[in-house]
There are 2 protein chains.
Amino acid sequence: MPLQPVSRRSVPDEVFDQVLGEVVDGAIGAGEPLPSERRLAEVLGVSRPAVREALQRMAQTRLLDVRHGGTTTVRDFKRYAGLDLLPRLLVRGGEIDTAVARSILEARLVVGPGVAALAAERGGPALEATLTETLDALAASEDDVDRQVQALAFWDQVVDAADSMVFRLMFNSLRAAYEPALAALAPLMAEEVGQVGAYRVLTAAIGSGDPDTARAAAEHVLRPATTSILSALTALEES
Amino acid sequence: MPLQPVSRRSVPDEVFDQVLGEVVDGAIGAGEPLPSERRLAEVLGVSRPAVREALQRMAQTRLLDVRHGGTTTVRDFKRYAGLDLLPRLLVRGGEIDTAVARSILEARLVVGPGVAALAAERGGPALEATLTETLDALAASEDDVDRQVQALAFWDQVVDAADSMVFRLMFNSLRAAYEPALAALAPLMAEEVGQVGAYRVLTAAIGSGDPDTARAAAEHVLRPATTSILSALTALEES
DNA sequence: CAGGTCAAGTGGTCTGACCAGTGGGTCGCC
DNA sequence: GGCGACCCACTGGTCAGACCACTTGACCTG
C-alpha cells in the first residue's frame, strides 16, 4: 500500500461527522431537537465555536433547522439533502447500502445518454478529436485505476460539450462522491472501461452531431456494466 | 403583496453572500488567493469567527481550498460546485442567465421521464390513487401558484415511487432552488400545469407498470412547456 | 380567563489570546 | 558564491468567556 497523506481532521470536522452520523443513522430522527450548542460542546469536550461551525455547516445543507432563540431541530434528510450527502448514504454503518448503489447505476443510465445527446447537438468540430485523444490514453493505460481516471476525464469532456450547467453541477457532485472510492471501485468498473470500442462508437456518434445516435451509443457504453452490477447487487441482497 | 416573514440575515450569511459573489462573478477567479481571515474581518467590519464560519461553509461546498498555515484559494466553481449553487448561477448580477435556465429545462426533460419509468416499475398498487388525488387537487385549484405547489407534490410522489436515492437527492436540490422563485415562475409554468389531462395520462401510464409508456407520457407532460420556454429564451437572447 | 410581563434558556456575535502549520528569508557553513 | 538549515512572520485552528438578541413558557395581573 502506497504512502498516503495523513488525514488531519479538524475539530469541527469531527463534530460534523458525529452529528451527521446521529442524523443519518436515525438516532435523532426528523423533527426531533438537537441538544443545545453549549450542551453539545460540553458532551463532546470541545469549544462552542467548534460545535457552532459544525451545526451551521449542516444547516447549510438543509439537514438542520437552526432558529435564533429556539431549539435546533433535525430535518428529514431524505427530503431535503442534496447530492453531496450521497457518499454518506452509500456507506451507512460501514456497509454499502445496495439500494443506494443501485440508484447510482440507474441514474447514470438515465443521465449519461441525455448528456451525450446534448453534446452531439452542441459539440464543436474539435470535440471528437479531444475525446479520441482521451480514449487513446485510456486504451494505452495498463492500470485499472488509471483507466477509471481516463473514463472520468472522457465524461467530463462530454459534460462540457453538453454545455449544460445543471448536468455540470450534477456531474461535479457525483464525481466528488466517486473519486475518493475510485480505487476501491476500479475492479468493479473494469469491465466497462475495458470496452474502448464502445467508447469509440460513442465518440463518433457525438461527433456526427446526431443526438439520437449519441444517446443510443451512450446507453451501449453504460448498459452492460449497469446490468451486471445490478444483478450482482440483487444476488448480494438475497444472501 | 401579502405579508412576508422578515428576513433576518446573520452576519456570517452576509459575509458568505459577499464572498460568494466575488467568486461567482469572477472578481477573484479560480486559483487566486483570498485575503486572510483577519484581513477580511477588518475590511468587512466583522469578527474573525464570523468570517471563518462563512469561509468554512464555502469550503464545504468545494468553492474554496482552505489550508492550515497557507493561504485560502478560490477553486473553479464550474468544476467543483454542486447543485446547491444553481439558484446563485441562475441569477447572476440581477439578471437571469438564459443559458442556465435553458439547462434546467433540458435536465428536467431528461430526468423526468427516467424517473417516471422507474416509478412505473416500482410503484405499488396504491400509487395511482395517491397521484390521482394530487391531480384532483391540482385540477380544483384556481390559483397559479397553488397549481405549481400541487405539481411539485405530484413529482415528489413520483420520485418517491421511483425509490431512487440519487434522483431523490437531485430532486431535493432542484426543489430547494425552485421553491423560493415559485411565485415568480408560476405564470411561466402555468401552461404546463394547466394540462391536467397529460398528467392523468402519465398517472395511468405509471399505474400500468410499463416503463416505456410512462417515459413517453412524462415526456408528453414536460415537452410542450420546455419547447415554448426554450424558444422564448432564444428570442430573449437575440434581443 | 385573557392579557401582558418577565425570566430562563437558546442561538448570535465579539474580543482576545494562544496553538499549529507553512513558507520565505536569512544566516552560517562549506 | 552556492547551498543548506534555521528561524520568524504570517496563515488558519481552537479555545475561553462574555454579552447581545430572540423565543418560549410560566407567571402574574386585570
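No hydrogens, no waters, no symmetry mates; every other heavy atom, side chains included, goes into these values. Every chain is numbered from 1, with letters handed out A, B, ... down the list of sequences.
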Residues Asp160(B) and Arg122(B) bridged, charged N to O under 4.0 Å: no
Separation of atom CD in Glu42(A) from atom C1' in dG11(C), rounded to whole Å: 17 Å
Axial cation check for Phe16(B) ring with Arg9(B), 6.0 Å and 45° limits: no
Straight-line distance of Thr226(A) OG1 to Glu192(A) CD, nearest 0.5 Å: 6.0 Å
Atom-pair distance (CG on Leu40(B); P on dT11(D)), nearest Å: 11 Å
Spacing between Glu37(A) atom CD and dC15(D) atom P, to the nearest angstrom: 14 Å
Nucleotide dG12(D), atom P - distance to CG of Asp13(A) in whole Å: 16 Å
Spacing of Leu55(A) atom CG relative to dT10(C) atom P, expressed in whole Å: 13 Å
Glu179(B) and Arg62(A) ion-paired at < 4.0 Å: no
Phosphate-side-chain proximity, Gln56(A) and dG12(C), N/O vs OP1/OP2 below 4.0 Å: yes
Sugar-phosphate only, base, or nothing, as touched by Arg67(B) at under 4.0 Å among non-hydrogen atoms: sugar-phosphate
Selection from dT15(C), dG13(D), dT10(C) that lies nearest to any side-chain heavy atom of Ser47(B): dT15(C)
Asp156(B) and Arg168(B) ion-paired at < 4.0 Å: yes
Candidates dG13(D), dG11(C), dC15(D) - which lies nearest the side chain of Arg38(B): dG13(D)
Residue whose nearest DNA chain D nucleotide is more 5′ - Thr71(B) or Pro49(A): Thr71(B)
Sugar-phosphate, base or nothing in reach of Glu53(B), heavy atoms under 4.0 Å: nothing
OP1 or OP2 of dG12(D) under 4.0 Å from side-chain N/O of Thr72(B): yes
Between C1' of dC10(D) and NE2 of His68(B), the distance in whole Å: 11 Å
Spacing of Arg48(A) atom CZ relative to dG9(C) atom P, expressed in whole Å: 14 Å
Sugar-phosphate only, base, or nothing, as touched by Pro12(B) at under 4.0 Å among non-hydrogen atoms: sugar-phosphate
Whole angstrom value for the distance that separates P of dG13(D) from CG of Asp65(B): 11 Å
Closest to side chain of Arg52(A), choosing from dT13(C), dC22(D), dA16(D): dT13(C)
